[in-house]
Every structure is written in structure tokens, then in C-alpha cells.
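Sequential numbering from 1 along the given sequence is applied to the chain's residues. Quick note: numbers below take in every heavy atom, side chains included, and nothing from hydrogens, waters or symmetry partners.
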Amino acid sequence: MAETHKIYFPKCFSGALKQVAQEQGFTDGLYRFESESGCNVGDGFAGDLVKVYIREANRELVVLCKLLPENELRKQQGLPLFYRESEAYMIILPLLLKFQREKALPEGLPRFNNVPRCYYAKTALDKMESVIILEDLRLQAFRMWDKANPVNFEHARLLMIILGRLHALSFAMKDQQPEEFAKCREFTDPMTKMLALDPKNTFEKMTASTCRRAIGTLEMHETFQREKLEQIQDRCVPEIVACVDAKAAEPYAVIGHGDCWSNNMMFQYHEDNQTPKTIKLIDWQLSRYGSPVLDLVYFIFNCTDEELRSHSYQQLLRIYYNSLSEHLHNLGGNVERQFPRSAFRDQLKQFGRYGFLISMMIMPIICTPNDELPDTDAAMEGIMEENPKGNNEINFVYGTTEKAAIRYRARMSGCIRDTIRLGYL
């Protein structure tokens, strides 16, 4: 049953829905809208989802409308993210998919088509309004993985294949249509822009605080790992900025999803209801032009566990690279010329630590079961408040319940050990 809570409807909401209804062939004056909450607890952190039924006679279209939160602080934080997602759905993804269509791939060859249909997306920064209207994938039996549990090999394998195809589009288009691809090069990291609007250095304090918390998951004898983390504890933000620098990733930078964890993808399953057959990538709010390895290490270090990585990490990288190679070849490119294995290894060495840097912030959220999640408004306001003790500790309430803390300790310490074992830190 969907969570019921009051949703704030911006002025642009009804106009956007009317435009979608008209474009989809509904008759003026004869159709009607009915709405309900479109998300369950824990489904989303950046905004509200409203499920809308557009009905006329015997016809019905169900859409999901993504809206900015009503909370003023979260709205200000979310506005640039909604702007980025609107650009992704209306400009960047259509550009890449048009290039793929024009290649007229023979029937039977794989394609990247792993995004939901977007009917409408517009963000007005001056009015602080945004509406994104998407198809409801749940009607096609897509569902999310339970974020609190690490994904198994089959889910990770399938995502590697899909990311290979996504990144192949950039490699092919930037080589064959450099002028048209220029728009993608301008799709720089949105988080870096937000950091420039952080006068109290809240993000810097938060990363230092979460790094200290991560250090606390290590065993007493793990002194080498502890020393490694202490060296970067107070420079996490510059480390993150260096990782998302597209210029540092050239000539291998691509359009990536940017926020590749299990809550931002939905799976459709085979008849056994356990083996995934396809994925749709949702929530493109952090999509960017940058190193292709960012999506890989973000997902692998946050959504798998130490055990799976111990026997399957290199295999997952091979699956990704082979998928990229195959799709790039089908699009008229050549992986040995455009992204040789040696370059892939160099990118991992240069940017591989990004998975760990992100895990310090999102692992506490991932490890908190949905029924134990704190109120998002209160949690975000708590992060932004000055600490009454006068120190730099940030009040980050995720991952603090007993169940979540046990999961966090195991997952975080494993992430640290693997990052250092692989030479990324």
C-alpha cells in the first residue's frame, strides 16, 4: 500500500498534465485526473512522487509525477538536481538515443533502451518549480531491489552489461558526431556546482564526520587501513571533486548515470521471479560527463558486499568491458582505439576511490531498513544545523538503529578493505 501524505502541487503541475493529456490524444473537456501518492517509504529522497490517472471513457493512462519537496530547505537543495534530471530526460538522453536509432542496428542486436519513457520535464529555477512526468514502470512488473540487502551476482552482472551499452553511446557519438556531442561535454558534475553554493562548508564537515564514522568500523588490528583513511579524512571533498573532473578523464569521458545504486534502478524478472531480465535506470539527477568507471565503482562498492567482490569483482569489470566493446563495435566504433584495456585499468586506478568516497555518505542510508528510516525533512535539517557542542560533527541520523548499525559496520569495513586492497586508496 502506498504511503499517504500531503503532497504540495506547484502551479505548473496541472498545466504539465494537460499538455501530456493533449499530446497523448485525450479529448479536451472529456478526460479527468485522479491522483494518489506514488511512492513507498524509502523509495526517494530528493522529491515527492504522485501517481496520476488520466481517464476518458474506457481509456486510461497512468503516469508518475516527480515534484520538488514542499520543505523549503529540501526544495532549495533539490532544485539544481531536478534541473539536471530535466536536462537529462529532455536533451542528453534523446540525443544519445537518436544517434543509436540512426545507426539502424539489425534486428536482434542489443540496444541501450534502459530508461523510462519521459512525457514531460521542466524546471523553472526562477520560480523554484519543477515537474517531471514519467511512465509508471510498476505496471510492467518492474520493481526495486531491497536496498538494505547487497545485490547478488545476476543483478550486478546485468547492470554491468547495461552500463557498457550506455557508455558505448558516448564513445561512438563523440568520435563520429563530435559537433552534436558537444552538448554532452557541457554536462559537467552537478554536485561540484552545489558545493560552490555551500558557504558554511556543511558538505565538507559531513564528509569528515562520515569518514571518522567509517574508520570506527575497522578492527583494532587494521592499523594500515585506519592510517590510509586518516590521511584523507579532512580532504574528502577535494578528493570527490578530483574524481568527477571530466577533463581529468579525457579522452575517455562519457555520459554516465551518476547515482548508480539500487534505489535508482528497477528490475523486470523472468518467470522464476528471481532472475532479472532487464533494468530501467531511473533518477538521473546526478548524471554527468565524466570517467566511465564512476558508475561502476559507485554501484559495486555500495550495492555488493565483500564476499561477492572477493570472487567476482574482476569478472564484473570484464562483463562491463566486453559489453561496451560489443555495442561500440555495433555502432561503428573500435574499443581498442577508443578505450583500450590499458586505459580502462588507468581510469580505475585514477578514479576507483570514488566508490568508497561516496559510500561514506550513502552506506548509512542503504543499510537502514525502510521501516526504520527517519523523517527526511527532519534528517536533512539536522544535517544543516550548527552542532550545539561547537565541534564539526554532523548530525547524520541514518544507519544508527541497532539493525542498521550492524549492517553498516560489515558493509563499510568491507568497502574500506577492498578499496585499499585494489590499490584505489
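- For Thr207 against Met360, the heavy-atom pair with the smallest separation is O-CE, 4.4 Å.
- Side-chain contact check for Arg143 and Asn273: at least one donor-acceptor pair (N or O, by modelled atom type) lies under 3.5 Å.
- Exactly one residue among His257, His167, Arg288 makes a side chain to side chain donor-acceptor pair (under 3.5 Å) with Asp295. That residue is His167.
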Steps toward salt bridge (Lys or Arg N to Asp or Glu O under 4.0 Å) verdict (Lys183, Glu87): CA-CA 11 Å; Lys183 287 180 184 175; Glu87 284 185 306; over 6 Å; no

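- Between Leu229 and Cys211 the shortest heavy-atom distance is O-SG, 3.9 Å.
- The aromatic rings of Tyr424 and Phe301 lie perpendicular to each other, with more than 60° between the two planes, well past the 30° mark.
- Annotation for Glu204 and Val237: closest pair CA-CG2, 3.6 Å, computed over non-hydrogen atoms.
- Two residues are said to be in side-chain contact when any heavy atoms from C-beta on lie closer than 4.5 Å; Ser291 and Gln350 fail this criterion.
- Within the 3.5 Å criterion, the main-chain N or O of Phe82 finds a donor-acceptor partner in the side chain of Thr123.
- No donor-acceptor distance shorter than 3.5 angstrom exists from the side chain of Lys174 to the backbone of Ala182, with no hydrogens or angles considered.
- Taking a cutoff of 4.0 Å between a charged side-chain nitrogen and a carboxylate oxygen, Arg157 and Glu154 qualify as a salt bridge.
- Scanning all heavy atoms of the two residues, the minimum distance from Tyr89 to Ile282 falls at OH-CA, 4.2 Å.
- Checking side-chain atoms of Glu239 against main-chain N and O of Ile232 turns up no donor-acceptor pair under 3.5 Å.
- Tyr298 and Asp259 form a side-chain donor-acceptor contact under 3.5 Å, judged by distance and modelled atom types alone.
- Judged by distance alone, the side chain of Arg409 and the main-chain N or O of Gly216 form a donor-acceptor pair under 3.5 Å.
- For Thr304 (side chain) and Arg309 (main-chain N/O), no donor-acceptor pair under 3.5 Å exists by modelled atom type.
- For the pair Arg84 and Phe187, the distance from NZ or CZ to the six-membered ring centre is under 6.0 Å and the angle to the ring normal is within 45 degrees.
- At least one donor-acceptor pair under 3.5 Å links the side chain of Ser359 to the backbone N or O of Phe356.
- Within 6.0 Å of CD in Gln231 there are more than 12 heavy atoms belonging to other residues, nucleotides or ligands.
- Pairing each heavy atom of Asn149 with each of Arg411, the nearest pair is C-NH1, 4.1 Å.
- Geometrically, Arg213 engages Tyr408 in a cation-pi contact, judged by NZ or CZ lying under 6.0 Å from the ring centre and within 45° of the ring axis.
- In this structure, a donor-acceptor pair under 3.5 Å is present between the side chains of Asn152 and His155.
- For the side chain to side chain contact (heavy atoms under 4.5 Å, CB included) test with Lys103, the passing option among Arg111, Gln176, Met173 is Gln176; the others fail.
- In terms of modelled atom types and a separation under 3.5 Å, the side chain of Asp189 and the main chain of Thr192 share a donor-acceptor contact.
- For the side chain to side chain contact (heavy atoms under 4.5 Å, CB included) with Ile161, the qualifying choice from Ile319, Asn322, Thr278, Leu324 is Ile319, the only one to do so.
- Of the listed residues (Leu159, Asn114, Ile162, Asp283), just one forms a side chain to side chain contact (heavy atoms under 4.5 Å, CB included) with Met265, and that residue is Leu159.
- The pair Asp346-Lys349 fails the salt-bridge criterion, with no side-chain N (NZ, NE, NH1 or NH2) lying under 4.0 Å from an Asp/Glu carboxylate O.
- For the atom pair CE (Met144) and CZ (Arg138), the distance works out to 8.5 Å, reported to the nearest 0.5 Å.
- The residue from Phe351, Tyr252, Phe171, Tyr321 that alone fulfils the ring pair (Phe, Tyr, Trp, His ring centres under 6.0 Å) condition with Phe344 is Tyr321.
- Under 3.5 Å, the side chains of Thr217 and Ser413 contain no donor-acceptor pair of N or O atoms.
- Residue-environment remark: NE2 (His270) exceeds the threshold of 12 foreign heavy atoms within 6.0 Å.
- Residues Ser287 and Pro190 share a closest heavy-atom pair of O-CD, 3.8 Å.
- A salt bridge links Lys66 with Glu85; the closest basic N to acidic carboxylate O contact falls under 4.0 Å.
- With Ile215 as the partner, the side chain to side chain contact (heavy atoms under 4.5 Å, CB included) test is satisfied by one option alone out of Gln225, Met412, Gln233: Gln233.
- To the nearest 0.5 Å, the span separating CG on Leu286 from CD1 on Ile358 amounts to 8.0 Å.
- Ion pairing between Glu250 and Arg185 holds under the 4.0 Å rule for side-chain N and carboxylate O.
- A side-chain donor-acceptor contact under 3.5 Å links Lys147 to the backbone of Thr368.
- Taking the six-membered ring where tryptophan is involved, the planes of Tyr289 and Phe181 are perpendicular, since the angle between them exceeds 60° and thus also 30°.
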